[in-house]
Amino acid sequence: MPVTLSASAPIVVFDLDGTLAETAADLGATLNVVLAREGLPPVDLTRARDLIGAGARALIERGFAAAGRDLTRERLDALFRVFLAHYGQHLCDASHLFPGVLACLDRLRAGGYRLAVCTNKVEDHSVRLLTLLGVADHFAAICGRDTFPYCKPDPRHLTQTIARAGGDPARAVMVGDSRTDIATARAAGIPVVAVPFGYTDVPVQDLGPDAVIDHFDQLFDAVEAMAGRTRTAA
Ligand SMILES: O=C(O)COP(=O)(O)O
Ligand SMILES: [Mg+2]
C-alpha cells in the first residue's frame with residue numbers, strides 16, 4: 001500500500017547557512033574577492049561569520065563597513081553580481097553539512113515530517129549547494145531570497161515555503177541560527193529551534209528561541225515536543 005502523505009503534513013523548515021551547513025569559509029572567501037577588487041583588505045573568517053545571515057548584499061555592505069568604506073547603491077548592485085558569479089563557482093570548496101544532519105533528515109522523514117529550506121541565499125545557489133552536499137532530494141521545497149517577492153525576516157518567506165512544500169503551518173517548526181530566523185518564525189507564529197554553531201553576534205539563546213539544540217541528534221525529540229504543542233494549538 002503506497003504511503004500517502006496527508007494533504008498537509010507536519011513540516012520542519014530549515015535555514016541553510018549556519019544551520020544545515022557550515023558555509024562561512026566559501027562566503028567569506030567570495031566576500032574577500034569582492035573587497036580585493038576594490039583595493040580593500042580581506043575580512044578575517046571569524047569576523048566574516050558574524051556578517052552572514054541577511055543575504056549576500058548585506059554581507060558585502062557589512063564587509064565595506066568593516067573596512068570603513070561607503071558604498072553607493074549602484075556600486076553595491078555591481079559588486080553583488082560579481083559576488084554571485086564568483087560564489088556560484090565556489091559553492092562547495094570548503095562548505096559541508098554540520099554533524100548529524102543527514103541522519104536527522106532521514107529520521108524526521110521516517111517520522112512523517114515534510115522537510116523544506118527557507119534561506120536568504122539565492123535559490124539557484126541553495127539548490128546547487130544542497131545537491132553537491134547530497135541532501136537536496138530530502139526537501140519538498142527549497143526557497144531562497146529570490147523565490148518570492150519577499151525574504152526573511154518577512155514571515156511570508158517562511159509561510160510560503162511551508163505552503164509550497166505542502167506542509168501544515170499549524171504543525172510547523174523552524175530551525176535556524178540567527179536573529180533573522182528567530183524573528184521570521186516569531187512573526188509567522190511558528191515555533192523555532194536554534195542551533196548555537198551558526199552565524200550570530202550574540203549567543204543564540206539570548207534571542208529567545210523556543211529551544212536550543214547542541215547537535216542534530218537532539219532535533220527529532222525537540223520537534224516532536226513542539227509539533228505536539230502546535231498540534232494542540234491547531
Ligand atoms: O546567505 C545568507 O546570507 C544567509 O543565508 P541563511 O538564510 O541560509 O542563513
Ligand atoms: Mg543562517
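By convention here, the first residue in the shown sequence is residue 1. All values below were derived from every heavy atom in this structure, side-chain atoms included, with hydrogens, water molecules and symmetry-related copies excluded. Each ligand, and each atom within it, is numbered from 1 in the order the structure gives.
- At least one cation-pi condition fails for Arg69 and Phe64: the charged atom is not both under 6.0 angstrom from the six-membered ring centre and inside a 45 degree cone around its axis.
- Using a 4.0 Å cut-off to heavy atoms of Lys121, the atoms of ligand 1 that qualify are 1 (O), 5 (O).
- Using a 30° and 60° split on the angle between ring planes, Phe220 and Tyr113 fall in the perpendicular class, above 60°.
- Between the side chains of Asp93 and His90, at least one donor-acceptor pair of N or O atoms lies under 3.5 Å.
- Using a 4.0 Å cut-off to heavy atoms of Leu16, the atoms of ligand 1 that qualify are 8 (O).
- Nearest N/O/S atom of Asp15 relative to the Mg ion (ligand 2): this is OD2.
- The shortest heavy-atom distance from Leu59 to ligand 1 is not under 4.0 Å.
- Between the side chain of Asp210 and the main chain of Val192, a donor-acceptor pair closer than 3.5 Å is present.
- Taking only nitrogen or oxygen atoms, main chain and side chain alike, Asp181 does not reach within less than 3.5 Å of ligand 1.
- On a distance-only criterion, Cys118 and ligand 1 share no N/O pair closer than 3.5 Å.
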Is there a salt bridge (charged side-chain N to carboxylate O under 4.0 Å, His left out) between Arg75 and Asp70? Walk through the geometry before answering. CA-CA 10 Å; Arg75 193 82 199 111; Asp70 290 332; over 6 Å; no

Begin from the C-alpha positions of Ser178 and Asp181 and carry the test side-chain hydrogen bond (donor to acceptor under 3.5 Å, both in side chains) through to its verdict. CA-CA 5 Å; Ser178 71; Asp181 299 322; 3.2 Å; yes

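- A cation-pi arrangement is present between Arg57 and Phe80 under the rule of less than 6.0 angstrom and at most 45 degrees off the ring axis.
- Residue contacts with ligand 1: Ile52 is placed with no nitrogen or oxygen under 3.5 Å of a nitrogen or oxygen of the ligand (distance criterion only).
- Near Asp17, meaning under 4.0 Å from any of its heavy atoms, are these atoms of ligand 1: 1 (O), 2 (C), 4 (C), 5 (O), 6 (P), 8 (O), 9 (O).
- Nearest N/O/S atom of Asp17 relative to the Mg ion (ligand 2): this is O.
- Checked by atom type, the side-chain pair Thr119/Asp15 shows no donor-acceptor distance below 3.5 Å.
- Checking Asp177 against the Mg ion (ligand 2), an N/O/S atom falls under the 2.8 Å cut-off.
- Counting heavy atoms closer than 4.0 Å to ligand 1, residue Arg145 contributes nothing at all.
- Within the structure, the closest approach of Gly55 to ligand 1 falls below 4.0 Å when heavy atoms are considered.
- Taking every non-hydrogen atom of Thr119 and a distance limit under 4.0 Å, the qualifying atoms of ligand 1 come out as 5 (O), 6 (P), 7 (O), 8 (O).
- Protein heavy atom at the shortest distance from atom 9 (O) of ligand 1 is Asp15 OD1, 2.8 Å.
- Aromatic ring centres of Phe197 and Phe98 lie closer together than 6.0 Å.
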